[in-house]
Amino acid sequence: MPKAQETVLEIDLKALQHNFNHLKSKLKPHTKFLAVVKAYAYGNNPCEIAKYLESLKVDYFAVAYINEGLTLRAAGIVSPILVLHPQTVNFNLLVEHSLEPALYNTKILEEFIQFAEKEKLENYPIHLKFNTGLNRLGFSKEQIDVVASQVKDNPALEVKSIFSHLAASEDLNEKDFTIRQIEVFKSIAKNFKSTSGLSPWLHMCNTSGILNYPEAHFDMVRSGIGLYGFGNSEKENQFLKPIGTLKTVISQIHHIKKGESVGYNRGFKSESSITTATLPIGHADGIGRQYGKETGYVMIHGKKAPIIGNVCMDMIMVNVTKIACSEGDEVIVFGKNETAEQLAETAQTISYELITSVSQRIKRIFIR
Ligand SMILES: *Cc1c(COP(=O)(O)O)cnc(C)c1O
């Protein structure tokens, strides 16, 4: 790769393929693979990522909202797309673009049934979400009978799957809780199948579920963060490769004297003479203010340069006193060695938040 001359997010599609193959190797041959490409494919560009994953024969995609599904369709994605959190106001767009809704309470189920009947849909694929302990979205197990009675023998609908979501699949201290969730889901599935006479697919696992709970893979798994290179544990991270490298450049170097300050509100006051570098990336690009005041750092020529003072909207200033560097030199914000997970940890957050925050004004470059 040529050295960065501006802020760019380089995305390594070979690493994506590696992660996909690694996660697939954990599954039984018949288990389907759903790739989660919500939130701009976790910051990476959903169209390019989905096109590439489609070429690798992924079975399904999921997005959070209908608009995200429309973006994929406009890019020519033809695979089935599950919309995890649709809103009733956009049902017409959902159906027009063959997006498949997750229905999670009686209000949205009834509204979708009304819509489907009015539009004279036939066997329209839907997915029913059950709550097994996350307490976020989903029917309760007490609602199985009423849900089953509404969907069975309804020619407008086809219940493609019933699914649930794990609350703490990455946290092995919560293993008992997770096993309980899996048991509750199994009993919901059994009950639903016998009351409705239908046999939808079952799915429950996100990335950490895939890695930690093979007994819960069922008919399909749903992976997001793992595809992008993070396994939510040091052990699993070894087998995955972060696909994104966020690079920038040194715009200007300053020599700061003892007693001078750097940045807005004089957020850094120098106790000795130091050298700083100003970089063209700021809180509007996803490097939040919580990374300032020497919390986060970037890498310059393999060395850590702490972010000093307050993060500005479009810039940060870093301390390069101990690093031989010049204006125009390349800077790594995160990548394969110093990862987004490690940088996120400095600010007590997680890789998910940092990578999904990379602003869309930053150019994405795909390495094939
Ligand atoms: C986001 C999401 C996933 C993907 O989770 P990862 O931890 O990124 O693998 C799976 N299922 C649902 C319902 C989600 O909302």
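Both ligands and their constituent atoms are indexed starting at 1 by order of listing.
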**Q** Measure the distances from the heavy atoms of Arg136 to every atom of ligand 1 and state whether one is below 4.0 angstrom.
**A**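 Yes, Arg136 has heavy atoms under 4.0 Å from ligand 1.
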**Q** Tell me yes or no: between the side chains of Tyr352 and Asn232, is some donor less than 3.5 Å from an acceptor?
**A** yes
**Q** According to salt bridge (charged side-chain N to carboxylate O under 4.0 Å, His left out), who are the partners of Asp329, at least two apart in sequence or on a separate chain?
**A** none
**Q** The test is side chain to side chain donor-acceptor pair (under 3.5 Å); show your working for Ser270 and Glu260 and say whether it passes.
**A** CA-CA 6 Å; Ser270 193; Glu260 285 190 307; over 6 Å; no
**Q** Do Asn154 and Glu117 have side chains that approach each other closer than 4.5 Å (heavy atoms only, starting at C-beta)?
**A**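 Yes, their side chains come closer than 4.5 Å.
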**Q** Examine the side chains of Gln181 and Thr132 and answer whether a donor and an acceptor come within less than 3.5 Å of each other.
**A**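 A donor-acceptor contact under 3.5 Å links the two side chains.
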**Q** Membership question, hydrophobic clusters at under 4.5 Å side-chain separation (ILVMFWY): are Val146 and Val184 in the same one?
**A** no
**Q** So among His203, Arg222, Glu100, which one has a side chain to side chain donor-acceptor pair (under 3.5 Å) with Tyr60?
**A** Glu100
**Q** Just which atoms of ligand 1 are under 4.0 Å from any heavy atom in Lys129?
**A**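 Matching atoms, with element in brackets: 13 (C).
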**Q** If you measure every N or O of Val36 against every N or O of ligand 1, does any of those distances drop under 3.5 Å?
**A**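 In fact, backbone or side chain, Val36 has no N or O that close.
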**Q** Side-chain heavy atoms under 4.5 angstrom apart, residues restricted to Ile, Leu, Val, Met, Phe, Trp, Tyr: same cluster for Ile307 and Val249?
**A**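 Hydrophobic grouping puts Ile307 apart from Val249.
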**Q** So if I count the atoms of ligand 1 from 1 in the order they appear, which ones are less than 4.0 Å from some heavy atom of Leu84?
**A** 13 (C), 14 (C), 15 (O)
**Q** For atom 11 (N) of ligand 1, what's the nearest protein heavy atom and its distance?
**A** Arg222 NE, 2.9 Å
**Q** In the protein, what heavy atom is nearest to atom 5 (O) of ligand 1, and what distance, to one decimal place, separates them?
**A**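 Atom 5 (O) of ligand 1 sits closest to the protein heavy atom Asn206 CB, 3.4 Å.
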**Q** If you have a sec, work out which protein heavy atom is nearest atom 12 (C) of ligand 1 and how many Å separate them, to one decimal?
**A**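 Here the nearest protein heavy atom works out to His165 CE1, 3.3 Å.
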**Q** Measure from atom 4 (C) of ligand 1 to every heavy atom in Tyr352, Tyr228, Tyr42 and give the option owning the shortest one.
**A**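 Heavy atom nearest to atom 4 (C) of ligand 1 belongs to Tyr42.
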**Q** Tell me, which protein residue and heavy-atom name are nearest atom 9 (O) of ligand 1, and how many Å apart are they?
**A**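 Its nearest protein heavy-atom neighbour is Thr207 OG1, 2.5 Å.
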**Q** Who's closest to atom 15 (O) of ligand 1 heavy-atom-wise, of Lys38, His85, Glu170?
**A**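 Looking at heavy atoms only, the winner is Lys38.
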**Q** Which atoms of ligand 1 sit under 4.0 Å from any heavy atom of Ile225?
**A** 6 (P), 7 (O), 8 (O), 9 (O)
